[in-house]
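Step one of this worksheet: look at the structure below.
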Amino acid sequence: MPVINVDDLTDKDKALMEVTQLKNEVKLERWLTSKCCEEIKDYIVAGMDEDILVKGIAEDKNPFKEKGGCVLS
């Protein structure tokens with residue numbers, strides 16, 4: 001898809017683009033936020049055992065663990 005410089009378009013072209021975008025947005029299926037939040041929570045809880053961000057990385061498998069230290073005296 002070619003890149004369109006909006007500054008080069010006429011006011012009519014800009015209005016047509018906006019109308020097209022609004023028509024596309026009207027077609028989108030809307031969900032209640034409360035329902036979406038419940039589904040996201042259930043998804044997170046279901047995958048919690050395998051989620052590294054929740055359980056962390058085992059010390060022996062952590063590639064970012066410092067290999068050694070530095071002592072200043």
Side-chain angles (χ1 to χ4, degrees):
M1 185 170 236
V3 177
I4 298 172
N5 188 356
V6 179
D7 294 332
D8 295 339
L9 297 176
T10 64
D11 288 340
K12 181 180 177 183
D13 291 334
K14 290 177 189 177
L16 286 173
M17 284 179 65
E18 185 173 357
V19 168
T20 303
Q21 180 62 32
L22 290 172
K23 285 180 180 179
N24 290 334
E25 290 179 16
V26 164
K27 295 175 188 173
L28 291 175
E29 181 181 355
R30 309 281 181 192
W31 292 355
L32 293 175
T33 304
S34 57
K35 181 181 178 197
C36 293
C37 290
E38 284 295 320
E39 289 182 10
I40 291 171
K41 186 185 90 179
D42 293 342
Y43 175 79
I44 292 170
V45 169
M48 207 162 44
D49 295 336
E50 297 86 30
D51 194 341
I52 292 175
L53 295 175
V54 174
K55 71 175 188 174
I57 300 174
E59 288 294 323
D60 57 334
K61 295 181 180 180
N62 186 352
F64 302 105
K65 180 181 175 184
E66 289 193 29
K67 306 289 189 252
C70 178
V71 177
L72 299 175
S73 53

Does [X] sit in a hydrophobic cluster with other residues, and if so which ones, taking ILVMFWY side chains as linked at heavy-atom separations under 4.5 Å, directly or through other members?
X     : result
Val19 : none
Met48 : Val54
Ile52 : Ile57

If every non-hydrogen atom of Val6 is compared with every non-hydrogen atom of Lys14, which pair is closest and at what distance?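 In terms of heavy atoms, the two residues are closest at O-CE, 3.1 Å.
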For residues 28-45, tabulate all N or O donor-acceptor pairs below 3.5 Å that involve a side-chain atom, not counting sequence neighbours.
residue, atom, partner, partner atom, Å
Glu29, OE2, Trp31, NE1, 3.0
Arg30, NH2, Glu25, O, 3.1

In chain order, what residues pass the side chain to side chain donor-acceptor pair (under 3.5 Å) check against Asp13, with sequence neighbours excluded?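 Expected list: Thr10.
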Among residues at least two apart in sequence or on other chains, which ones pass side-chain contact (heavy atoms from CB on, under 4.5 Å) with Asn5?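 With neighbours one apart ignored, the set is Asp7, Asp8.
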